[in-house]
Amino acid sequence: MLDKKTLRKKMLRNRSEIAKETREEYSKKIATSLYETNHYKNAKTIMAFISFGSEINTRYIIDHAIKEGKIVVIPVMVPETRELKVSRILDFSELEVGHYNIPTQKKKFLRFLDPKTIDLILTPGLIFARDGYRIGYGGGYYDRFLEIYGDIDKIAIGFDMQVVDKVPTDEYDIPVDYILTEKNFIKV
């Protein structure tokens with residue numbers, strides 16, 4: 001099995017080869033499938049990530065959830081402590097380019113919430129294994145966050161081509177409960 005760094009590089013290249021139109025079409029399919037789950041329907045507070053690069057476009061999900069009156073929180077990375085905090089987002093105009101070129105909230109819009117109020121966590125990643133383990137971008141922010149708040153429902157969202165049978169894991173890796181792609185909703 002290849003190491004995480006090599007797998008990351010390979011998947012980034014493969015995922016970036018998906019045509020923009022196809023990514024948008026898949027993103028809409030994933031969003032629609034998510035709305036039909038009880039996990040989404042019953043969630044009052046959802047943690048979603050702001051997509052960038054060739055990731056699934058999460059704007060559909062975030063917009064829809066806000067319009068439905070759900071509280072949507074997004075991750076805010078604190079590089080000094082390598083922790084993840086969550087802040088409520090009301091509109092995409094609140095964003096700017098942050099660490100690692102990931103869109104993040106401008107400081108004046110930060111509305112930190114207690115993560116214990118979250119009902120559903122949508123997790124990003126590059127590679128998702130059928131056993132729930134994932135390979136992210138290498139910062140470990142989500143694993144540290146999930147170690148503390150791991151009892152909250154966790155759905156990894158991404159494209160079907162990102163799902164594999166197995167990935168290398170470390171003792172601090174935290175698995176997700178489900179994987180949602182444009183083709184499948186996998187309970188792990």
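Remark: the backbone N or O of Ile18 is not paired with any side-chain donor or acceptor of Thr22 at under 3.5 angstrom. Distance alone, capped at 3.5 Å, places no donor-acceptor pair between the Asp91 side chain and the Glu94 backbone. When atom types are taken as modelled, the side chain of Gln162 and the backbone of Gly125 share a donor-acceptor pair closer than 3.5 angstrom. Side-chain atoms of Asn184 do not come within 3.5 Å of backbone N or O of Ile186 as any donor-acceptor pair. For Arg88 (side chain) and Ile71 (main-chain N/O), no donor-acceptor pair under 3.5 Å exists by modelled atom type. Side chain of Lys154 to main chain of Leu120: no donor-acceptor pair is present (N/O by atom type, distance under 3.5 Å, no hydrogens or angles). The backbone N or O of Met77 lies less than 3.5 Å from no partner atom in the side chain of Arg82, so there is not a single donor-acceptor pair. In this structure, Ser51 contributes its side chain and Thr58 its backbone to a donor-acceptor pair below 3.5 Å.
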Stepwise side chain to side chain donor-acceptor pair (under 3.5 Å) check, Ser54 with Arg15: CA-CA 6 Å; Ser54 60; Arg15 192 179 67 187; 2.8 Å; yes
side-chain contact (heavy atoms from CB on, under 4.5 Å) assessment of Phe185 paired with Thr37: CA-CA 10 Å; Phe185 187 49; Thr37 69; 4.1 Å; yes
Trace of the side-chain contact (heavy atoms from CB on, under 4.5 Å) decision for Phe49 with Glu55: CA-CA 10 Å; Phe49 59 97; Glu55 287 182 321; 3.8 Å; yes
Worked check of side-chain contact (heavy atoms from CB on, under 4.5 Å) between Ile89 and Val73: CA-CA 6 Å; Ile89 183 171; Val73 296; over 6 Å; no
Residues Lys44, Asp119; criterion salt bridge (Lys or Arg N to Asp or Glu O under 4.0 Å); working and verdict: CA-CA 6 Å; Lys44 289 181 179 68; Asp119 302 303; over 6 Å; no
Criterion side-chain contact (heavy atoms from CB on, under 4.5 Å) on Glu24 and Tyr26, from CA distance to verdict: CA-CA 5 Å; Glu24 290 304 304; Tyr26 289 172; over 6 Å; no
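Put simply, OG on Ser93 and CG on Leu95 are 7.5 Å apart, with the number rounded to the nearest 0.5 Å. Between the CD1 atom of Ile61 and the CG atom of Leu34 there is a distance of 5.0 Å, given to the nearest 0.5 Å. With rounding to the nearest 0.5 Å, the separation of CE in Met11 from OG in Ser16 is 11.0 Å. Remark: Leu84 CG to Ile74 CD1 distance equals 10.5 Å, nearest 0.5 Å. The line from NZ of Lys106 to CD of Glu96 is 6.5 Å long, rounded to the nearest 0.5 Å. In this structure, the separation between OG1 on Thr123 and CZ on Phe128 is 6.0 Å, given to the nearest 0.5 Å.
In the model, Asp160 has a side-chain atom that pairs as donor or acceptor with a side-chain atom of Thr181 under 3.5 Å. Side-chain contact of Asp170 with Tyr172: a donor-acceptor pair under 3.5 Å is present, judged by distance alone. A donor atom on one side chain and an acceptor atom on the other are not found under 3.5 Å apart for Glu68 and Tyr35.
The two residues Thr45 and Thr117 come nearest to each other via the heavy atoms CB-O, 3.3 Å. The minimum heavy-atom distance linking Tyr141 with Pro79 is given by the pair OH-CA, 3.3 Å. Across all their heavy atoms, His64 and Tyr40 have their closest contact at ND1-OH, 3.0 Å. Between Ile62 and Ala48 the shortest heavy-atom distance is CG1-CB, 3.8 Å. Looking at every heavy atom in both residues, Arg8 comes nearest to Leu126 through CG-CD1, 3.5 Å. Across all non-hydrogen atoms, the minimal contact from Gly158 to Ile30 is O-CD1, 3.2 Å.
Ring-plane geometry between Phe52 and Tyr137 is classed as tilted, the angle between the planes lying from 30 to 60 degrees on a 0 to 90 degree scale.
Grouping the Ile, Leu, Val, Met, Phe, Trp and Tyr side chains by contacts below 4.5 angstrom, directly or via other members, places Ile157 with Leu12. Tyr142 and Ile50 fall into different hydrophobic clusters, defined by Ile, Leu, Val, Met, Phe, Trp and Tyr side-chain heavy atoms under 4.5 Å apart, directly or through other members. Cluster annotation: Phe159 and Val176 are assigned to distinct hydrophobic clusters (Ile/Leu/Val/Met/Phe/Trp/Tyr, side-chain heavy-atom contacts under 4.5 Å, transitive). Val164 and Leu180 fall within a single hydrophobic cluster, where Ile, Leu, Val, Met, Phe, Trp and Tyr are joined by side-chain heavy atoms under 4.5 Å apart, directly or via other members. Linking ILVMFWY side-chain heavy atoms closer than 4.5 Å, directly or via other members, places Leu113 and Ile148 in a single hydrophobic cluster.
When the shell of 6.0 Å around NZ of Lys41 is examined, it contains more than 12 heavy atoms from other residues, nucleotides or ligands. Within 6.0 Å of NZ in Lys166 there are 12 or fewer heavy atoms belonging to other residues, nucleotides or ligands.
Taking 4.5 Å as the limit, every side-chain heavy atom of Ile155 sits out of range of all side-chain heavy atoms of Ile121. Considering only heavy atoms from C-beta on, Tyr60 stays 4.5 Å or farther from Thr32 through its side chain.
Under a cutoff of 6.0 Å and an axis angle of 45°, Lys85 and Phe145 do not form a cation-pi pair.
Salt-bridge check for Arg134 with Asp173: failed, with every basic side-chain N at 4.0 Å or more from each acidic carboxylate O. One finds no salt bridge joining Glu182 and Arg23 here, because no Lys/Arg side-chain nitrogen approaches an Asp/Glu carboxylate oxygen to under 4.0 Å. With respect to Lys187 and Asp177, no salt bridge is recorded, no charged nitrogen being found less than 4.0 Å from a carboxylate O.
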